[in-house]
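Inspection log for the structure reproduced underneath, given as structure tokens.
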Amino acid sequence: IKITEDRKPPYEILLKPGEKIERSASEYYEIDIGNAGGTNIIFQGKSLGNLGKQGEVVHLRLPPQAEKPNNPQ
């Protein structure tokens, strides 16, 4: 999993089955997941559900409406 919080450098971690991490951001997250079928993301207290198939790569931006850093509105 690669996580970018706000405008900080990306953080990468390889999780084993059953491992958990918690991260904090004030504006947004960009998340790249290498095994969507084996990952459960809980955002603002709610599970995002099934993100994809086993081994599928998924890219997320949370919250989805957050302003992109290189494309201010």
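Throughout, residue positions are numbered sequentially from 1 according to the sequence presented.
- A 4.5 Å side-chain heavy-atom check between D32 and V57 finds every atom pair outside the cut-off.
- In this structure, the side chains of Y29 and I3 come closer than 4.5 Å at one or more pairs of heavy atoms.
- Between K2 atom NZ and I31 atom CD1 the span is 12.0 Å, to the nearest 0.5 Å.
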Identify every side-chain donor-acceptor pair in residues 10-18 under 3.5 Å, counting partners at least two apart or on other chains, and give the distances.
none

Show me the side-chain donor-acceptor pairs of residues 36-54 shorter than 3.5 Å, one per line, residues at least two apart or across chains.
{"unit_1": "T39", "atom_1": "OG1", "unit_2": "N35", "atom_2": "O", "d": "2.9"}
{"unit_1": "N40", "atom_1": "OD1", "unit_2": "S47", "atom_2": "OG", "d": "2.9"}
{"unit_1": "S47", "atom_1": "OG", "unit_2": "G49", "atom_2": "N", "d": "3.1"}
{"unit_1": "N50", "atom_1": "OD1", "unit_2": "G52", "atom_2": "N", "d": "3.0"}

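- D6 places a side-chain N or O within donor-acceptor distance of the main-chain N or O of E27, the cut-off being under 3.5 Å.
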